[in-house]
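Note that ligands are numbered from 1 as they come in the structure, with each ligand's atoms numbered from 1 the same way. Values in this document were obtained by computation on a predicted structure and should not be read as measured data.
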Amino acid sequence: MQLTVSRDAENLQKALLELAQAGRRVALVPTMGALHAGHMSLIRLGLELADAVVVSIFVNPKQFGPNEDFARYPRMLEADLRKVEEAGAAVAYAPSVEDLYPQGFDSSVSAGELGRILEGASRPGHFDGVATVVTKLLLRTLPHIAIFGEKDYQQLCVIRRVVADLDIPVEIIGAPTLRAPDGLAMSSRNGYLSSEERQLAPKLYETLTHVGSAISKNELPVAKALAAGVAQLTSLGYKVDYLELRDEDSLQPIERFKDSARLLVAAKLGNTRLIDNIVILSS
Ligand code: AMP
């Protein structure tokens, strides 16, 4: 299938109308571009679960704080479009800021309490920005399904909540985190790491798996296992923002592990903030 590139809402509607007239089941994969193998795995999943994939590429200013990396976030549209085409997507929607937020735009979608904890505590307003742009992308596209990576686990939870609360008629699918062979979760921000930092970066996942195993085997009380993980990362030179065991849906703290939970971490290596998470199941 040849890729249709849409740069504005009107053009997108034309491309979507063609897909609808052909009776295609559509999957939306929202991204901020600088596409890597993790994004490609979402497109592949979309092609398994639907007939046509729409990939949006938009660096959303509303989800960046004033001191964050909006200006230097990697942008490489031509290369991204080639990757999206090779992966077999039907439409790439790469709007301008004005197309999504025209003059006078003044509303926002609140991500509620889920948006204020963990990442939201460190990045105030981030999830409201995510909820706003994802709501707009879903309503503009009205796909049958939309796919989000578990790499950004809290984002996935926020989007599930918003879609349920606002009756947005779409099925949200979570996709597993794709990792480099050494365990580091693929991310567009990994390119910020110096070569020394890149060597240390897999320790984040390694620590998650050690802490997770201690918790699932009940080798240590949860608080002790988490403290040991923070100490380990700190000794390696990380600045740990949080390492927390949380309920998989509500993201509320879990003090005693039972059957399943999420272990989530955010930590800085130099100037680069890395996040990761794993599911913990009782063993
Ligand atoms: P981003 O471009 O960083 O906003 O990510 C776009 C989508 O790709 C989000 O749903 C992310 O969770 C997902 N994603 C990012 N990295 C990975 C990864 N390593 N594996 C799977 N999905 C990912």
Side-chain angles (χ1 to χ4, degrees), residues 27-49 53-65 68-70 72-77 79-81 83-84 87 89 92-95 97 100 111 115 118-119 123 126-138 141 143 145-163 170-193 198 201-202 204-205 208 251 262 264-266 272-279:
L28 174 68
V29 176
T31 80
M32 296 206 298
L35 301 179
H36 51 68
H39 297 115
M40 295 303 126
S41 72
L42 304 195
I43 299 176
R44 270 200 307 280
L45 182 59
L47 286 170
E48 277 169 32
L49 301 177
V53 172
V54 177
V55 180
S56 63
I57 299 174
F58 180 64
V59 185
N60 174 34
K62 291 194 185 292
Q63 69 189 70
F64 288 80
E68 293 184 358
D69 55 344
F70 176 68
R72 72 174 181 132
Y73 196 85
R75 290 162 172 88
M76 43 188 83
L77 186 60
D80 285 345
L81 293 177
K83 290 181 187 170
V84 166
Y93 175 44
V97 172
L100 268 180
L118 298 169
E119 283 299 285
R123 305 182 65 190
H126 168 68
F127 285 115
D128 291 350
V130 169
T132 301
V133 79
V134 171
T135 299
K136 282 185 66 90
L137 292 169
L138 290 173
T141 314
I145 63 175
I147 304 180
F148 294 86
E150 288 186 356
K151 159 74 170 53
D152 301 284
Y153 189 75
Q154 188 177 1
Q155 170 172 280
L156 176 61
C157 296
V158 162
I159 289 162
R160 286 193 197 284
R161 180 83 262 151
V162 167
V163 161
V170 63
E171 186 188 347
I172 300 299
I173 309 276
T177 302
L178 202 87
R179 299 179 181 281
D182 62 11
L184 176 64
M186 303 257 183
S187 165
S188 307
R189 289 189 169 102
N190 290 349
Y192 296 158
L193 297 168
R198 177 62 189 80
L204 196 64
Y205 178 59
L208 274 184
L251 294 184
R262 276 276 151 179
L264 304 106
V265 69
T272 307
R273 194 162 175 282
L274 299 174
I275 59 169
D276 202 348
N277 69 88
I278 56 172
V279 66

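- More than 12 non-hydrogen atoms from other residues, nucleotides or ligands lie less than 6.0 angstrom from CZ of Arg262.
- For the pair Arg72 and Tyr192, the cation-pi test (distance below 6.0 Å, angle within 45°) is passed.
- Closest non-hydrogen pair, Pro74 versus Ser188, comes out as CG-O, 3.9 Å.
- Contact record, Ile147 with Pro30: O-CD, 3.6 Å, taken as the closest heavy-atom pair.
- With salt bridges taken as basic N to acidic carboxylate O contacts below 4.0 Å, none links Arg273 and Asp69.
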Could you pull out every N or O of ligand 1 that sits under 3.5 Å from a protein N or O, with the distance for each pair?
from	atom 1	to	atom 2	distance (Å)
ligand 1	2 (O)	Met32	N	2.9
ligand 1	2 (O)	His39	NE2	2.9
ligand 1	5 (O)	His39	NE2	3.4
ligand 1	10 (O)	Gly149	N	2.8
ligand 1	12 (O)	Gly149	N	3.2
ligand 1	12 (O)	Gly149	O	3.2
ligand 1	12 (O)	Asp152	OD2	2.6
ligand 1	16 (N)	Met186	O	3.3
ligand 1	19 (N)	Leu178	O	2.9
ligand 1	19 (N)	Met186	N	3.4
ligand 1	19 (N)	Met186	O	2.9
ligand 1	20 (N)	Leu178	N	2.8

Show the atom names and distances, to 0.1 Å, of all donor-acceptor pairs under 3.5 Å that link a side chain in residues 35-43 to residues at least two apart or in another chain.
from	atom 1	to	atom 2	distance (Å)
His36	ND1	Gly38	N	3.0
His39	ND1	His36	N	3.0
Ser41	OG	Gly38	O	2.7

